[in-house]
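Structure first, then comments.
Whatever order the structure lists ligands and atoms in, that order sets their numbers, starting from 1. These values consider heavy atoms only, across backbone and side chains, with no hydrogens, waters or symmetry-generated copies.
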Amino acid sequence: MNLSLQIQQIAAETLENLYQESFTVSDFQINETKPEFEGNYTIVLFALVKRLKKSPDAIGQELGQTLIEKHPELFTGFNIIKGFLNLTISDEYYKSILLRFNNDVCFGKHPMNGKKVMVEYSSPNTNKPLHLGHLRNNFLGWSVAEILKANGYEVYKSCIVNDRGIHICKSMVAWQLFANGATPESTNTKGDHFVGDYYVKFNDAYKKEIAEGIAAGLSEAEAEKNAPIMKLTQQMLVDWEAGKPEVMDLWKKMNAWVYKGFDVTYASIGSDFDKIYYESNTYLLGKDTVQKGLEKGIFYKKDDGSVWIDLQPDGLDEKLLLRKDGTSVYITQDIGLAMQKYEEYKIDKSIYVIGDEQNYHMKVLQLIAQKLGLPYGNDIHHLSYGMVELPSGKMKSREGTVVDADDLVDEMRNTAKQHTESLGKVKDFNPEELNQLYSTIGLGAMKFYLLRVDPKKKMIFNPEESIDFHGFTGPFIQYSYARIKSILRKEEPISTPSSFSSPLLPLEKKLLFELEQYPQILSTAGNALDPSVLANFLFQLAKSFNAFYAEHSISNAENEEKKQLRLALIGMIANVIQSGMQLLGIRVPERM
Ligand code: ARG
């Protein structure tokens, strides 16, 4: 059990015995003691004043005194400053943590809790390659899934591929019109990029036709509606839903190109899934369910035949569920998908990692699930994240200036290479080890930078800053890890003694104080679905290690016992860094 919870419990018991009043843990707010005061943890006394009708100082005196008398194994001193009781935790407590966990690679992880959760992330459309926004999405989803596992959940990682619909038909029509039979192989292009190029070509042609329509005297809306290429596309969607063989063949062929490309990207960024859903499978269940909802009067049909739900009583709008030609829209498939997820996996909670531009869509999905009386209506959780931009400005796909994920990953690797070469520390690495190292650093830099921010916040990804070996970065933590590993290699074999007799130095105690909080950090990050909590913790730990190492020698410690204690201590730091970084999806190198 983590120390601040232990303190709350002991404080509650102690006050109950002192004053014959009942207290619970929530009556005690515990903070870290401010650095200017003596102590490690602080109890806020003000909240108790009213109930006990005593001054904060009097309560603090009695509580502090009793704590050190009754629990000398935990508390060795106290002081009271302006209504705050500062408690000093015993060296013995921290030494026992060190002895117990220094070699435990599972330290911090929680036992299974019997709950199942699905985390859906990435979820691309098949008309274009992944971009910078998908990277934030993938890193976030993957990490949240791993953090939930560390919290004892049984986790299923999933992805919905939106493999059908008007957007894919656009790429397909453009390919028919402009490709002359070209393929990814014949043009030596990665499949997802190839198909994405035709999506861009569609939009160029569409724009041109609109301009021509306007020049011929049409209004803009009419020109958009009458553009021949758009009509072809709409017809193709109808043909697709009718299962017309030539359309299905083309669709299968082009999607297969895209999947081959996606696989390469996922392998390069380390994303994986336990279950991949395809909209082409989920949308029919969605359509069925809409039909049933229509019969039950939850949805209604307009004169043109389109189906809607009125969410105005819920403060939203009317929302289209089926087009007038009967074709399914984005929300239709999500209704089917939500049902499939629950039926197949019997999950307790369903998390969707989707950008905040779809907040409204997800609100609608939750409301529809509730109105349809689906048993999990309240367990659909949207993990909404903010947009990412590069320092140079926005990313837009229509204009073809999107920041491509593959390009960015390559660029990160190259930058990692330059930085590593300029340090000149890896001369004896073979080419394969070097490649591995550049990936580890380049990807680590990008993942950490994107994950160190609260997911809800929009952010700017600065590639140059992300790889600064001295900054608030992944490579700084990786470098600290490699430093520890290099110290440990020189001292092998290490045998940790069964006790340490000399007192802890302040910086030793500070490191143990931080390490002790790791299990709690994992719970907090899991409950908040926020990897940045973990990223910040790991950065602080790496900083504290470096501060410690600047002051104290390990190999030439004051005496043999100190040396052993510090070796155990840095070994535990290395384990926690490795375990925490793994939960962020980031590898740590033994040397760099
Ligand atoms: N494919 C969609 C897009 O690119 C995102 C899908 C998110 N997941 C979902 N269940 N709606 O916008």
Side-chain angles (χ1 to χ4, degrees), residues 117-142 144-145 156-171 192 195-196 199 203 255 258-259 261-262 265-266 271 273-287 289-290 319-321 328-345 347 349-369 374 376-377 379-388 395-398 402-405 455 529:
V117 11
M118 178 169 275
V119 184
E120 182 215 284
Y121 55 95
S122 195
S123 299
N125 295 342
T126 55
N127 60 323
K128 52 189 177 206
L130 305 188
H131 55 64
L132 174 55
H134 286 115
L135 291 178
R136 188 177 196 187
N137 182 316
N138 273 272
F139 299 161
L140 204 53
W142 195 93
V144 162
Y156 303 100
K157 297 172 172 168
S158 80
C159 172
I160 169 82
V161 181
N162 292 110
D163 61 344
R164 49 141 271 130
I166 196 81
H167 45 290
I168 286 91
C169 292
K170 290 178 181 174
S171 292
D192 50 337
V195 173
Y199 187 69
N203 281 309
N255 271 346
V258 172
Y259 298 147
F262 282 169
T265 307
Y266 286 138
S271 234
F273 309 100
D274 300 308
K275 171 79 188 184
I276 298 184
Y277 292 98
Y278 295 90
E279 178 177 341
S280 53
N281 295 328
T282 60
Y283 87 107
L284 286 175
L285 179 57
K287 276 176 103 165
T289 311
V290 171
K319 175 88 186 171
L320 176 75
L321 302 179
S328 135
V329 290
Y330 183 41
I331 192 82
T332 328
Q333 55 95 32
D334 256 325
I335 297 172
L337 175 64
M339 297 173 73
Q340 276 195 5
K341 286 178 175 178
Y342 274 91
E343 274 156 24
E344 248 182 280
Y345 289 93
I347 43 181
K349 198 181 174 76
S350 191
I351 296 171
Y352 292 70
V353 181
I354 312 178
D356 58 11
E357 74 280 3
Q358 296 192 24
N359 285 355
Y360 188 84
H361 172 82
M362 289 306 293
K363 192 107 230 287
V364 171
L365 180 63
Q366 284 158 344
L367 282 171
I368 290 179
L374 303 179
Y376 45 80
D379 301 321
I380 292 178
H381 181 91
H382 179 197
L383 172 46
S384 166
Y385 65 90
M387 163 143 162
V388 208
M395 28 171 299
K396 265 253 159 87
S397 72
R398 294 271 159 99
V402 60
V403 186
D404 179 74
L529 305 178

Query raised in the report: If you measure every N/O of Ser123 against every N/O of ligand 1, is any gap under 3.5 Å?
Result: yes

Query raised in the report: Which residue from Tyr121, Tyr352, Tyr330, Tyr277 reaches closest to atom 7 (C) of ligand 1 through any of its heavy atoms?
Result: Tyr330

Report task. Below 4.0 angstrom from a heavy atom of Ile160, which ligand 1 atoms are there? Numbered from 1 as shown, please. Result -> 8 (N), 9 (C), 10 (N)

**Report entry** Nearest-neighbour protein heavy atom for atom 8 (N) of ligand 1, which is reported as residue plus atom name and distance
**Finding:** Glu120 OE2, 2.8 Å

Report summary line: ligand 1 to Ile354, heavy atom cutoff 4.0 Å, flagged ligand atoms 7 (C), 8 (N), 9 (C), 11 (N)

Requested in this report: Check whether any side-chain N or O of Arg136 sits under 3.5 Å from a backbone N or O of Gly355 as a donor-acceptor pair, and report yes or no.
Outcome: no

Query raised in the report: Among all protein non-hydrogen atoms, which one is nearest to atom 2 (C) of ligand 1, and what is the separation to 0.1 Å?
Result: Asn162 OD1, 3.3 Å

**Report entry** Top protein contact for atom 10 (N) of ligand 1, by heavy-atom distance
**Finding:** Asp334 OD1, 2.7 Å

Requested in this report: Please determine, by modelled atom types, if Asn127 and Ser171 share a side-chain donor-acceptor pair under 3.5 angstrom.
Outcome: no

Query raised in the report: Side chains of Lys349 and His381: does their closest heavy-atom pair fall under 4.5 Å?
Result: yes

Query raised in the report: Has Lys341 got its NZ or CZ under 6.0 Å from the middle of the six-membered ring of Tyr376, at an angle within 45 degrees of the ring axis?
Result: no

Query raised in the report: Do Asn125 and ligand 1 have an N or O pair less than 3.5 Å apart?
Result: yes

**Report entry** Under 4.0 Å to a heavy atom of Leu337 - the qualifying atoms of ligand 1, by number
**Finding:** 10 (N)

Query raised in the report: Can a non-hydrogen atom of Gln358 be found less than 4.0 Å from any atom of ligand 1?
Result: yes

Query - Residue pair Tyr342 / Asp379, side-chain heavy-atom distance below 4.5 Å - result: yes

Query - Under 3.5 Å side-chain donor-acceptor pair for Ser122 and Asn138 - result: yes

Report task. Verify whether the ring centers belonging to Tyr121 and Phe139 lie closer than 6.0 Å. Result -> no

